[in-house]
Amino acid sequence: MKFQSVKGTRDFYPDDMRLRNWIVDAWRKVSLRNGFEEFDAPIFEYLDLFTIKSGEEIAEQLFSFTDRGGRDLAIRPEITPSLARMVNARINSLPRPIKWFSIPRCCRAEKPQKGRAREFFQWNIDLIGSDDVLADAECLFVAIDGLRELGLTKDDVVVRFSSRVLLTEVLRNFGVSEEDIPRVMGVIDKRSRLPEDTFEKLLTDTLPDDDARMGTLRFLNMQRIQAEPAESIAAKVGVKVTQPMVEAVGRLRTFHKELQAFGVDDWCCYDTGIVRNLAYYTGIVYEIFDRDESLRAIAGGGRYDNLLEVLGGPKIGATGFGMGDPVLGILLSEKGKIPDLAQPLDFFVIDGTDGTFENVIRTVGALRAKGYSTDFSYKRQSVGKQLKEANRRGARKAAIIRGNMVAVKDLMTGEQEERPVEDLLNVPGK
Ligand code: HAM
């Protein structure tokens, strides 16, 4: 019987693993240099944790199961609810703001497609305990810092941001019920992935009132809102201005100024159509795309001020983002940004004459103990063939053992130096 990997999952052969590690190492390095601390959570949780406030789309994509004790569990589709649960459990002892990051493996039973897998890694940056819009700007700065670390520039990617409050207020003003608002947002979230007539049909289904629909479309077609007073936005859309609208526009303006101060505003642009696919967002939201917009989102995030409270904790402001590895990997490869990730050996130890194999092993053991990456051939073969293997393995040096002598050959320059084996065994540690 022949087995295949499950559709939507990925095998990581060593080449793939090198790429994955390169991305994950950059994420970790950037998180730490921005002052975030690492955390992790279990890979499965009680099902309810993910259904309470994440929204319909994620609930439909859950890998859920019942354990032998009859408990309903699910594999995590994201880590934000686990983060909220963990913070709630220690809320009184954690100094705020809490700046944490994580790189969990997540699973979603999504339709596998380019850049979307059923199992993926997701870099999460979250800042909990600050209502200041600076926290939103800092998290987004970290996302951009991560992309920059991997060699991407503002010509490769674009951040699109908006505020959910504005759209919510527009819909409320048009009399859309609290229950229907997330459904309308769900349709708007899909807009860029749907043919225009399908989008319009779906929008008409969820927003049958003509005035409401036309007004919402007018709002969605507006640009650079952060530069306009709330009153004029409301007038153009055909609704009355509300206090939350005024505040939301003010926050967008501050957000933009702070992105300027961080020196990343030219990576970002305002886009009314960004609403995010998760139900818990409450303020500024953003998504990052490749400039050509040929791929799905690279990252997405925003403010979620109610999630901790909904999950049984206090009302504490929170903001952050998630970035998956699949789209990022595709983009880096398409843009030719993946460097040579080969990990060369420091030494390849070669058996120069029959009968010195024990010396080979002794040398290998000693060099490894000193921190040098060292390997040898499993085949008893000629020096020439062993040298070929050393080259294939990308070794920097070959150590050819002949009795008590060793010839150390620099495989880059071809230079060779003969000395006693003991000398090599006594080299200083790496
Ligand atoms: P999300 O938009 O569902 O947000 O996912 C964020 C990113 O994770 C996406 O932009 C994408 O890069 C990646 N991603 C999601 N699903 C898949 C998939 N099936 N295959 C490949 N990549 C995927 C969240 O998950 C929020 N919890 C992020 C967040 C953290 N918000 C605040 N803090």
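Below, all heavy atoms of this structure are taken into account, side chains as well, without hydrogens, waters or symmetry copies. Start at 1 and go down the list; that is how both ligands and their atoms are numbered.
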Subject >> Pair Trp123 + Phe321: ring centers closer than 6.0 Å >> reply: yes
**OP:** Please state which part of Pro326 comes within less than 4.0 Å of ligand 1, counting heavy atoms only: side chain, backbone, both or neither.
**Re:** side chain
Subject >> Per-residue contact class, Phe289 against ligand 1 - non-hydrogen pairs under 4.0 Å >> reply: neither
**OP:** Give the residue, atom name and distance (to 0.1 Å) of the protein heavy atom nearest atom 31 (N) of ligand 1.
**Re:** Tyr281 OH, 2.7 Å
**OP:** Enumerate the atoms of ligand 1 whose separation from the nearest heavy atom of Gly300 is less than 4.0 angstrom.
**Re:** 10 (O), 28 (C)
**OP:** List every atom of ligand 1 that sits less than 4.0 Å from any heavy atom of Glu110, numbering the atoms from 1 in the order shown and giving each element.
**Re:** 16 (N), 18 (C), 19 (N)
**OP:** Give a yes or no on whether a salt bridge exists between Glu228 and Lys236, defined as a side-chain N under 4.0 angstrom from a carboxylate O.
**Re:** yes
Original post:
What about the rings of Phe161 and Phe255, do their centers lie closer together than 6.0 Å?
Top reply: yes
Subject >> Of the listed options Arg296, Lys111, Arg116, closest to atom 11 (C) of ligand 1 (non-hydrogen atoms) >> reply: Arg116
**OP:** State plainly whether the residues Lys430 and Asp346 are in salt-bridge range, i.e. N to O under 4.0 Å.
**Re:** yes
Original post:
Given Phe120, Phe121, Tyr286, which one has a non-hydrogen atom that is nearest to atom 23 (C) of ligand 1?
Top reply: Phe120
Original post:
What about Glu287: any of its N or O atoms under 3.5 Å from an N or O on ligand 1?
Top reply: no
Subject >> Polar atom proximity, Asp126 to ligand 1 (N or O, under 3.5 Å) >> reply: yes
Original post:
Is a salt bridge present between Glu149 and Lys29, judged by a nitrogen-to-oxygen distance below 4.0 Å?
Top reply: yes
Original post:
Relative to ligand 1, is Tyr280 under 4.0 angstrom through side chain, backbone, both or neither, heavy atoms considered?
Top reply: side chain
Original post:
Does Arg191 come within less than 4.0 Å of Glu196, counting only side-chain N to carboxylate O?
Top reply: yes
Original post:
Can you find an N/O atom of Gln122 closer than 3.5 Å to an N/O atom of ligand 1?
Top reply: yes
Original post:
Mind checking whether Glu78 has an N or O less than 3.5 Å away from an N or O of ligand 1?
Top reply: yes
Original post:
In terms of atom number and element, which parts of ligand 1 are under 4.0 angstrom from non-hydrogen atoms of Thr80?
Top reply: 26 (C), 27 (N), 29 (C), 30 (C), 33 (N)
Original post:
For ligand 1, which part of Phe321 has a heavy atom less than 4.0 Å away: the side chain, the backbone, both, or neither?
Top reply: backbone
Subject >> Polar atom proximity, Gly324 to ligand 1 (N or O, under 3.5 Å) >> reply: yes
**OP:** Would you indicate which of Arg276, Gln61, Arg108 comes nearest to atom 15 (C) of ligand 1 when only heavy atoms are counted?
**Re:** Arg108
Original post:
Can we say Arg160 and Glu287 salt-bridge, meaning some charged N sits less than 4.0 Å from an Asp/Glu carboxylate O?
Top reply: no
Subject >> Proximal ligand 1 atoms for Gly115, defined as those under 4.0 Å from one of its heavy atoms >> reply: 20 (N), 21 (C), 22 (N)
Subject >> Arg20 with Asp16: basic N within carboxylate O range, under 4.0 Å >> reply: no
**OP:** Could you tell me whether Asp325 and Arg10 make a salt bridge, using a distance below 4.0 angstrom between a side-chain N and a carboxylate O?
**Re:** yes
Original post:
Just distances here: any N/O of Ile298 and N/O of ligand 1 closer than 3.5 Å?
Top reply: yes
Original post:
Where is the nearest protein heavy atom to atom 20 (N) of ligand 1: which residue, which atom, and how far?
Top reply: Ala117 N, 2.9 Å
Original post:
Taking only heavy atoms of Gly322, which atoms of ligand 1 are found under 4.0 Å from at least one of them?
Top reply: 6 (C), 7 (C), 28 (C), 29 (C), 30 (C)
Original post:
Between Phe101 and Phe36, is the gap from one ring center to the other below 6.0 Å?
Top reply: no
Subject >> Close-contact set for ligand 1 against Asn124 heavy atoms, below 4.0 Å >> reply: 30 (C)
**OP:** Provide the number and element of each atom of ligand 1 under 4.0 Å from a heavy atom of Ala297.
**Re:** 10 (O), 11 (C), 12 (O)
Original post:
Are Asp265 and Lys257 close enough for a salt bridge, meaning some N to O gap below 4.0 Å?
Top reply: no
Original post:
Does Glu38 come within less than 4.0 Å of Arg28, counting only side-chain N to carboxylate O?
Top reply: yes
**OP:** Answer yes or no: does an N/O atom from Leu278 fall short of 3.5 Å to an N/O atom of ligand 1?
**Re:** no
Original post:
Is the Tyr46-Phe44 ring centre distance short of 6.0 angstrom?
Top reply: no
